[in-house]
Student: 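Take this structure first; my questions come after.
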Amino acid sequence: MELNKYSKTVTQDETQPAAQAMLFGIGLTEKKMKQPFVGIASMGYDGNTCNMHLNGLAYALKDEVNKQQLTGLVFNTIGISDGITNGTDGMRYSLVSRELIADSIESMVDAHFYDALIALPGCDKNMPGSVMAMARLNRPSIMVYGGTIAPGYYEGKELNIVSAFEALGEKLAGKISDITFKNIIKNACPGAGACGGMYTANTMAVAIEAMGMSLPYSSSNPAISKEKLDELADAAVAIKILIEKNIVPKDIMTYKAFENAITAITALGGSTNAVIHLIAMAKTVGIKITLDDFQRISNETPLIADFKPGGTYLMQSLYEKGGIPMVLKYLLKIGKLHGDCLTVTGKTIAENLESVPEIDFESQKIIFPIDKPIKITGHIQILYGNLAEKGAVAKLTGKEGDYFKGPAKVFDGEKELIKGISEKRIVAGDVIVIRYVGPKGGPGMPEMLKPTSAIIGAGLGKSVALITDGRFSGGTHGFVVGHICPEAIEGGNIALVKDGDIIEIDAKTNSINLLIDDAILQERKSKFVKPALSVQKGVLYKYAALVQDASEGCVTDEFTIN
């Protein structure tokens with residue numbers, strides 16, 4: 001089999017002299033021109049801790065790829081920092097960036113005829129964007145996660161990015177001084193790496209490792225560690241095996257592989273963002289994953305990990321005790337994973353886990369045995385009702401309870417809510433409604449981490465609920481329901497809620513309802529006037545015109561489902 005079956009189009013065809021002239025011009029030799037080309041997609045840039053180190057990893061990876069008699073070629077795509085943009089209009093670009101990343105990687109690899117792809121993502125949307133591109137291209141591919149950040153410290157207290165957000169609420173509530181507030185911010189992020197809890201970046205890294213599209217330990221090796229550097233050499237070896245065996249993403253990203261991914265993030269208490277990302281990734285590879293798959297697996301999978309935001313630990317702690325493969329081995333042992341799924345090592349997940357040590361429940365308190373779980377079912381709950389006819393996603397770890405009923409306090413956007421908190425308009429028992437922040441209404445379905453963190457910091461986290469047609473950061477905790485479909489700008493019933501209306505959220509019956517007479521609801525619906533989009537040009541306008549709703553993964557194009 002020809003290993004350079006794509007790159008030979010430009011390197012070996014004598015009718016492509018300009019292409020060959022440019023490739024010789026970048027320093028390639030005759031030998032390197034005949035080797036398989038491996039595109040190395042870095043999402044590195046200087047502007048945030050999640051991505052600041054990725055370009056360095058990319059060039060170290062290129063050296064390792066070249067050692068395997070392959071030709072490594074580094075290119076870049078964008079990254080949007082959720083941490084920096086949260087709470088601002090810039091957050092509208094975050095989910096949009098997933099599509100831009102997928103589009104740009106697809107464009108670079110396909111246009112330049114690379115034979116294989118290794119992606120180096122850091123922040124949240126980088127990872128699903130990378131894997132969606134891999135699925136579209138369907139040529140040998142591996143994702144190398146940039147790695148988790150180390151914890152920060154101030155006055156003996158462990159900090160992470162959510163500490164900074166919650167400090168705002170504490171400051172607004174008069175619980176901490178300006179000096180303490182500033183010092184928490186200065187010490188929350190001590191260096192390179194993605195946000196440290198089971199937030200969206202680590203969640204997606206775990207999901208993709210469990211799916212088989214990254215190497216064992218990739219999701220738990222810290223950004224700054226010898227193991228992350230060693231992983232680069234392992235990835236170079238693995239990509240050569242994939243090329244030689246012609247193992248492509250569609251061989252790995254099967255329905256059972258997606259079940260493994262959902263099971264892993266459910267057991268570990270992962271971010272609700274995984275719901276839209278895994279649905280989108282599945283669509284891209286031609287597999288149908290729905291909201292109901294998440295509910296089914298959540299019903300069957302206990303929550304066994306005590307990770308932040310709802311729990312105690314950061315990913316760094318699990319790395320020190322043995323890493324994600326130790327947890328996957330346990331899930332496989334108790335019959336929760338499909339062990340026969342192929343992975344990027346060229347082996348099955350069961351084969352990869354054979355030499356991994358068994359988990360010791362005495363020496364660590366991060367992962368609990370299945371007979372003593374934190375919650376007997378998963379934390380992700382899919383709700384339906386007259387407020388979410390196409391579904392909504394709740395994240396309930398068991399600490400928040402499973403039922404909430406109260407009067408609505410309605411805010412058209414998160415800025416209005418922050419103002420409401422500072423004016424002390426929110427009281428215990430309220431159901432906070434943030435609307436017109438969905439995929440089209442945002443546009444871009446911004447995360448509501450700033451509002452939820454401010455609520456927690458203000459001491460209201462255990463006494464109010466929050467619902468939205470937007471989404472939540474993996475750092476969010478509390479009684480929260482997002483991804484409400486249809487969204488407000490599309491005339492969903494969340495647009496019709498008024499202050500004082502009673503809303504009932506019941507995770508036991510998986511329902512979310514506005515408790516008013518149907519005749520009143522229909523009267524309000526008849527008077528609804530769809531507002532104009534908040535943007536009229538540029539990438540956000542194009543996104544709003546194309547994007548499907550959250551129940552469809554917020555994808556921007558149609559896919560053939562097998």
Side-chain angles (χ1 to χ4, degrees), residues 77 94-107 109-110 117 119 121 124-139 141 143 200 203-204 207-208 210-214 248-266 270-298 338 341-342 380 382 390-393 438-440 443-445 471 482-487 490 542-562:
T77 183
S94 173
L95 186 57
V96 177
S97 74
R98 185 190 73 183
E99 311 304 304
L100 296 175
I101 289 164
D103 291 348
S104 60
I105 293 176
E106 175 198 348
S107 299
V109 172
D110 217 8
L117 169 66
D124 299 6
K125 312 312 170 290
N126 301 178
M127 280 166 280
S130 297
V131 175
M132 288 166 69
M134 293 172 184
R136 293 180 193 175
L137 292 160
N138 201 39
R139 59 193 72 179
S141 302
M143 190 193 87
T200 305
T203 296
M204 293 313 302
I208 290 163
M211 186 186 297
M213 286 300 294
S214 61
V248 295
K250 287 187 178 180
D251 298 324
I252 296 170
M253 296 170 66
T254 63
Y255 183 80
K256 290 199 297 183
F258 278 96
E259 287 192 316
N260 283 349
I262 297 170
T263 297
I265 62 101
T266 303
S271 165
T272 52
N273 279 319
V275 177
I276 53 176
H277 293 326
L278 287 168
I279 289 173
M281 290 157 62
K283 278 180 176 288
T284 310
V285 83
I287 290 170
K288 186 176 183 179
I289 295 292
T290 70
L291 292 176
D292 295 336
D293 288 307
F294 285 87
Q295 186 62 60
R296 170 177 56 82
I297 291 173
S298 189
H338 304 289
C341 290
L342 189 62
I380 291 177
I382 308 301
K390 293 189 68 177
V393 181
K440 291 182 182 293
M445 203 181 183
R471 59 192 178 88
H483 304 202
I484 286 179
C485 293
E487 62 175 296
E490 293 286 82
K542 288 186 283 188
Y543 182 84
L546 294 171
V547 69
Q548 297 182 37
D549 66 40
S551 71
E552 299 292 338
C554 298
V555 293
T556 54
D557 46 3
E558 294 289 344
F559 297 97
T560 301
I561 302 299
N562 296 330

Student: I'd like to check the side-chain hydrogen bond (donor to acceptor under 3.5 Å, both in side chains) partners of Glu487; sequence neighbours left out, ordered by chain and number.
Tutor: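 For Glu487, no residue satisfies side-chain hydrogen bond (donor to acceptor under 3.5 Å, both in side chains) once neighbours in sequence are set aside.
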Student: Does the distance from a Lys or Arg side-chain N to an Asp or Glu carboxylate O, for Glu99 and Lys542, drop under 4.0 Å?
Tutor: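 No.
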Student: Go through the structure and list residues passing salt bridge (charged side-chain N to carboxylate O under 4.0 Å, His left out) with Asp251, not counting sequence neighbours.
Tutor: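 With sequence neighbours excluded, Asp251 shows a salt bridge (charged side-chain N to carboxylate O under 4.0 Å, His left out) to no residue whatsoever.
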Student: Of all residues at least two apart in sequence or in a different chain, which pass the side-chain contact (heavy atoms from CB on, under 4.5 Å) check with Ala261?
Tutor: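 Partners of Ala261 by the side-chain contact (heavy atoms from CB on, under 4.5 Å) criterion, ordered by chain and then number, come out as Ala207, Met211, Leu278.
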Student: Closer than 3.5 angstrom, by distance alone: can the side chain of Asn260 be matched with the main-chain N or O of His338 as a donor-acceptor pair?
Tutor: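 Between the backbone of His338 and the side chain of Asn260 there is a qualifying donor-acceptor contact (under 3.5 Å).
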Student: Determine, for Glu552 against Lys283, whether the closest basic-nitrogen to carboxylate-oxygen distance falls under 4.0 angstrom.
Tutor: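 Salt bridge flag = yes for Lys283 with Glu552.
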Student: Do side-chain atoms of Thr203 reach the backbone of Ser271 as a donor and acceptor pair under 3.5 angstrom?
Tutor: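 A pair under 3.5 Å: yes.
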Student: Is it the case that the side chain of Ser141 and the backbone of Arg139 share a donor-acceptor pair, with hydrogens and angles ignored and the cut-off at 3.5 Å?
Tutor: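 Looks like yes, one N/O pair under 3.5 Å.
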Student: Between Ser130 and Ile101, what is the shortest heavy-atom contact and its length?
Tutor: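 Residues Ser130 and Ile101, closest heavy atoms: N-CG2, 3.9 Å.
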Student: Taking all heavy atoms of Val285 and all of Phe258, pick out the closest pair and write down the distance.
Tutor: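 For Val285 versus Phe258, the nearest heavy atoms are CG1-CE1, 3.9 Å.
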Student: About how many Å separate CE of Met134 and CG of Leu117, when rounded to the nearest 0.5 Å?
Tutor: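 Leu117 CG to Met134 CE: 4.5 Å, rounded to 0.5 Å.
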Student: Quick one: are Val547 and Val555 in side-chain contact, heavy atoms under 4.5 Å?
Tutor: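 Val547 does not reach Val555 side chain to side chain.
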Student: In Å and rounded to the nearest 0.5 Å, what is the CE to OG1 distance from Met127 to Thr200?
Tutor: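 Answer rounded to 0.5 Å: 8.5 Å.
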Student: For Thr290 and Asp292, test the side chains for any donor-to-acceptor distance below 3.5 angstrom and give the result as yes or no.
Tutor: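 Judged by distance alone, the side chains do not pair up.
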